[in-house]
Amino acid sequence: DAGVTQSPTHLIKTRGQQVTLRCSPKSGHDTVSWYQQALGQGPQFIFQYYEEEERQRGNFPDRFSGHQFPNYSSELNVNALLLGDSALYLCASSWDRGYNEQFFGPGTRLTVL
Amino acid sequence: KQEVTQIPAALSVPEGENLVLNCSFTDSAIYNLQWFRQDPGKGLTSLLLIQSSQREQTSGRLNASLDKSSGRSTLYIAASQPGDSATYLCVVEGGKLIFGQGTELSVKP
């Protein structure tokens, strides 16, 4: 079992561009959550996907959107990138909407110039 | 609104010492509480998960306790080692994960 995988590992974009990050959950998991972690801060919840629907959302603007596919993998899209979007983006998977143990991927480091 | 606070923010101890990391949360309506470890620039590694009906969990040199009524959890690390140096995050699940800011632990040889 490969655990939770994320791609790419690192990404550099410029302001105004759009980015797509990808996550494959741990085998047997059906729920994917995304988090943003700025340098020196704890992760902040962006949203959670279960059964291909957004079930919960944190305090992030509509520029942040996502999708979950039938195989439970997920994408995070960020439009009109701002310098402040530079962060480590973490994906976590679990089963049954997160009532159980969360497993995190290694993250994608996004740098916006 | 759930808020999670971790004390201390940073801790430096000599190798071999036993230590306690503290976590407090404001809303006792949680499903579970999880402790994670994060190495610099890396993802999170789950250490212990305590369901809301449980009082403690143990794994090797780690022991985590949960007191929902007082909104507190502690992570006890026995016989600390330099390899334990990392940031430790307390996370509560009440529909979504709410993270504390973390305790940065440094264990000196």
Side-chain angles (χ1 to χ4, degrees), chain A residues 2-11 21 23-26 29 31-50 54-60 66 86-111, chain B residues 1-10 21-27 29-54 57 59 62 64 66 73 75 86-105:
Chain A
V4 181
T5 60
Q6 293 186 244
S7 63
T9 305
H10 295 86
L11 204 51
L21 310 182
C23 172
S24 291
K26 184 177 170 64
H29 286 183
T31 303
V32 173
S33 302
W34 287 92
Y35 299 84
Q36 180 194 66
Q37 186 177 24
L39 201 61
Q41 303 292 317
Q44 298 291 315
F45 175 74
I46 303 175
F47 42 54
Q48 181 186 83
Y49 278 86
Y50 173 71
E54 184 182 292
R55 309 293 286 203
Q56 295 269 355
R57 188 178 182 94
N59 294 324
F60 280 80
S86 295
L88 180 68
Y89 287 85
L90 295 164
C91 165
S93 76
S94 62
W95 64 275
D96 194 20
R97 287 164 289 172
Y99 297 152
N100 300 282
E101 189 173 4
Q102 303 272 334
F103 289 82
F104 281 78
T108 293
R109 172 70 64 187
L110 172 64
T111 302
Chain B
K1 177 187 172 186
Q2 179 74 270
E3 294 182 1
V4 181
T5 304
Q6 290 186 245
I7 295 173
L21 308 182
N22 295 291
C23 172
S24 61
F25 47 96
T26 55
D27 186 350
I30 64 172
Y31 302 136
N32 59 58
L33 183 145
Q34 202 165 351
W35 283 92
F36 287 90
R37 167 190 173 134
Q38 186 173 33
D39 293 287
K42 302 296 177 88
L44 279 64
T45 301
S46 177
L47 298 173
L48 290 165
L49 170 75
I50 311 176
Q51 298 289 356
S52 62
S53 58
Q54 298 174 322
Q57 283 286 335
S59 176
L62 305 179
L66 174 63
S73 176
L75 178 66
T87 296
Y88 290 79
L89 292 159
C90 167
V91 188
V92 300
E93 165 72 72
K96 58 186 178 183
L97 293 186
I98 305 296
F99 284 76
Q101 293 290 80
T103 293
E104 187 176 352
L105 173 64

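Residue numbers start from 1 in every chain, and the chains themselves are labelled A, B, ... in the order their sequence lines are given, proteins ahead of strands.
- Judged as a salt bridge (charged side-chain N to carboxylate O under 4.0 Å, His left out), and not counting sequence neighbours, B:D27 has no contacts.
- Atom CD of B:E104 has 12 or fewer neighbouring heavy atoms from other residues, nucleotides or ligands inside a 6.0 Å radius.
- Using a 4.5 Å cut-off on side-chain heavy atoms (C-beta onward), B:F99 and A:F45 make no contact.
- In this structure, no portion of A:Q6 lies under 4.5 Å from any heavy atom of chain B.
- Heavy atoms of B:Q38 lying under 4.5 Å from chain A belong exclusively to its side chain.
- If you tally non-hydrogen atom pairs under 4.5 Å between each of A:G107, A:G105, A:P43 and chain B, the highest count goes to A:P43.
- Note that OG of A:S94 and CG of B:N32 are 9.5 Å apart. Values are rounded to the nearest 0.5 Å.
- One distance of note links OG1 of B:T45 with CZ of A:F104; it measures 10.5 Å at 0.5 Å rounding.
- B:L44 CG to A:L88 CG: the interatomic distance, rounded to the nearest 0.5 Å, is 8.5 Å.
- Using a 4.5 Å cut-off between heavy atoms, A:F47 makes no contact with chain B at all.
- With 3.5 Å as the limit, one finds no donor-acceptor pair spanning the side chains of A:Q102 and B:Q34.
- Contact of B:L89 with chain A is made through the side chain alone, with heavy-atom distances under 4.5 Å.
- In terms of the side-chain hydrogen bond (donor to acceptor under 3.5 Å, both in side chains) criterion, A:S7 has no residue partners (sequence neighbours excluded).
- Heavy atoms of A:R57 lying under 4.5 Å from chain B belong exclusively to its backbone.
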